[in-house]
Amino acid sequence: MLSLDHIHFAPDEITRVPLCDLGPSHGLSAGAVKMYQRFFELESVGLHGDDLNGMLGAALDGVLATNAQLLTQSGTLFYCRTQTHHGFADQDWLRCLADDHGLAGWEVNSLTMTSCASALAAMRFIQAIEDDHPVIILTGEKAFHYNVARLPVGLLAELPTAALFNAGPDKRSGKWTVLNTSVRHMPRFFQNPDAMAADDRRALQDEYLSGMIGFVEDSLNNFGDVLSDDFRVLPHNLNLPVTRALLRHFEWEPKCFQGDIQRLGHGYCSDIFVNLTDYEISHPNQISPGTQVFVLAAGTGVTFATCLLERTDFT
C-alpha cells in the first residue's frame, strides 16, 4: 500500500506580501484588492524569494537531508504544475534539477493535465501501478506574470513542497498511508474561466458546486469500506465561499482544517502538502495511529480529486 513518509515545506522561506503590494506580480488594482479581501478574505499572498530552480531545489534538499538513502536508490520524481507553466522544457530543466541534487539515477516526469489537482491525480496513478520504488512529488510555481498568477476566485502563491512516498522500511516512522483516491473530470469546462464564452461561464457557476458535492458524495461511498466516522477534512486553498458551502452541505465545519488560506493564498498543487504539514504542526493532539484525513482539490478541466489518508505510525 502506498505510504506518504515525509513532506518538506519550509514556511519560514515564505514572505506573506499584503495584497496592496502585489501589483508587479499579480497586477491587482485597488478595486481588485477590495474584491479579493471581501469575497475571499485574502489578506496577503505567500511569495518565495528564490527563482523556480532555487525554490524547488530547496524543497528537494529538505527531503534528501533526512532521507539520504534516496541518493543511492532509483525512483521517480514527478513535478506537478498547472497547465500555464511549461517549465523550460526545451532546456531539459527538470532532468538537470534532479541531477544537480543527486538524483541522477531517478526518472523524471512533469504532470500538468489536471492543473491544481495534479498532485492528487499523481498519487492515484502511483497507487494504481503498485510500484514500491520511492517517489517524490514536487510542487510549487513562480508568479511569473499576473496573467497566470491571478484567478477569478483566488491568487497564486509560491509554495514549494516535496513529498516522499515509499521511502523504504527503515524510514516508516510518522507516516500516512494512502487508503484510496478518486478523480473526476468535467470536460465541458476545460478552458480557464477567463477564456470561456459567456454561456459556458454561467453554466460553470451553476454546475460547479453541485458537481463538486456529487463527486464528494461518490468519493465517500467509494471509500466507505475503510472510512472512519471521525475523519478530518482538509480542502484546498481556493474559492473560499464555495468551499464553505460544501462544508455546510456535509456539516463538516467542526471537522475541517482550512489552513492559512487568508495569509498564504492558493498554492495550486502544493495546497494538500502545505495544509497537511500545517495540520500536523498545529494540531498534534488530534493525530494518532488510525487518524484519517479526507483531502480535496480541484483544478481547471474541470477536475475534482480526493484522497483518504490514514496515520499508521506516530512519533
Side-chain angles (χ1 to χ4, degrees), residues 6-18 21-27 44-68 70-71 75-112 115-116 118-119 122 134-150 154-165 167 237 259-260 263-278 281:
H6 183 81
I7 299 172
H8 180 81
F9 170 64
D12 57 335
E13 296 178 356
I14 308 302
T15 301
R16 290 157 177 78
V17 181
D21 295 334
L22 290 176
S25 60
H26 291 70
S44 58
V45 169
L47 300 183
H48 197 282
D50 214 336
D51 61 14
L52 182 67
N53 275 16
M55 72 181 207
L56 294 179
L60 264 182
D61 285 341
V63 165
L64 297 175
T66 55
N67 296 273
L70 299 174
L71 298 173
T76 304
L77 172 67
F78 291 96
Y79 175 47
C80 295
R81 57 189 174 87
T82 73
Q83 79 280 11
T84 51
H85 290 68
H86 297 293
F88 314 110
D90 60 321
Q91 301 174 25
D92 203 14
W93 76 275
L94 188 57
R95 175 73 272 161
C96 294
L97 180 70
D99 292 350
D100 290 344
H101 292 269
L103 299 178
W106 285 48
E107 296 183 7
V108 297
N109 292 281
S110 183
L111 300 181
T112 184
S115 193
C116 309
S118 291
V135 172
I136 295 174
I137 292 182
L138 188 63
T139 65
E141 302 180 32
K142 292 296 291 184
F144 289 113
H145 189 275
Y146 56 80
N147 282 345
V148 295
R150 182 184 66 218
L155 297 172
L156 169 62
E158 301 171 353
L159 308 177
T161 72
L164 172 62
F165 299 79
N237 293 356
D260 193 11
R263 297 196 307 139
L264 282 181
H266 172 43
Y268 280 79
C269 300
S270 294
D271 280 356
I272 169 183
F273 303 127
V274 170
N275 290 344
L276 185 57
T277 300
D278 193 359
I281 293 172

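Keep in mind the model is a prediction, meaning the values are calculated, not measured. Throughout, numbering of the chain's residues begins at 1 and tracks the sequence.
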Working to the nearest 0.5 Å, report the span between OG1 of Thr15 and CG of Leu47. 7.5 Å
Would you say the side-chain atoms of Arg150 pair up with the backbone N or O of Gly27, donor to acceptor, closer than 3.5 Å? yes
So, does Thr161 use its side chain to make a donor-acceptor pair with the main chain of Ser270 at under 3.5 Å? no
Is the backbone N or O of Val63 less than 3.5 Å from a side-chain atom of Asn67, with the two atoms forming a donor-acceptor pair by type? yes
Side chain proximity check, Val17 to Ser44, heavy atoms < 4.5 angstrom: no
Under a 3.5 Å distance rule, please check whether Asp51 uses its side chain to pair with a backbone N or O of Gly54 as donor and acceptor. yes
Looking only at non-hydrogen atoms, find the nearest pair between Tyr268 and Cys116 and report the distance. CD2-SG, 3.0 Å
Are any non-hydrogen side-chain atoms of Ile137 and Phe165 less than 4.5 angstrom apart? yes
Can you check whether Leu138 reaches Leu60 side chain to side chain, under 4.5 Å on heavy atoms? yes
Closest non-hydrogen atom pair, Leu103 against Leu70: CD2-O, 4.1 Å
Side-chain contact, heavy-atom cut-off 4.5 Å: Val135 with Leu164? no
Backbone of Thr82 reached by a side-chain donor or acceptor of Glu141 within 3.5 Å: yes
Do the side chain of Lys142 and the main chain of His48 share a donor and acceptor less than 3.5 angstrom apart? yes
Please determine whether side chain to side chain contact (heavy atoms under 4.5 Å, CB included) holds for the pair Leu22 and Tyr146, giving the CA-CA distance in whole Å, both sets of side-chain angles, and the decisive distance to 0.1 Å. CA-CA 9 Å; Leu22 290 176; Tyr146 56 80; over 6 Å; no
Student check: side-chain heavy atoms of Arg16 and Leu264 closer than 4.5 Å: yes
Do you know which two heavy atoms are closest between Ser110 and Arg81, and how far apart they sit? OG-NE, 2.6 Å
Check: His266/Asp271 side-chain N/O donor and acceptor closer than 3.5 Å: yes
Do Tyr79 side-chain atoms and Gly140 backbone N/O form a donor-acceptor pair below 3.5 Å? yes
Show, in sequence, the C-alpha distance, side-chain angles and deciding distance for Asp92 and Arg95, and conclude whether the salt bridge (charged side-chain N to carboxylate O under 4.0 Å, His left out) test is met. CA-CA 6 Å; Asp92 203 14; Arg95 175 73 272 161; 5.9 Å; no
Calculate, to the nearest 0.5 Å, the distance between atoms CG and CG belonging to Leu97 and Leu77 respectively. 7.0 Å
Taking the side chain as every heavy atom from C-beta outward, state whether Trp106 and Ile136 have any pair of such atoms under 4.5 Å apart. yes
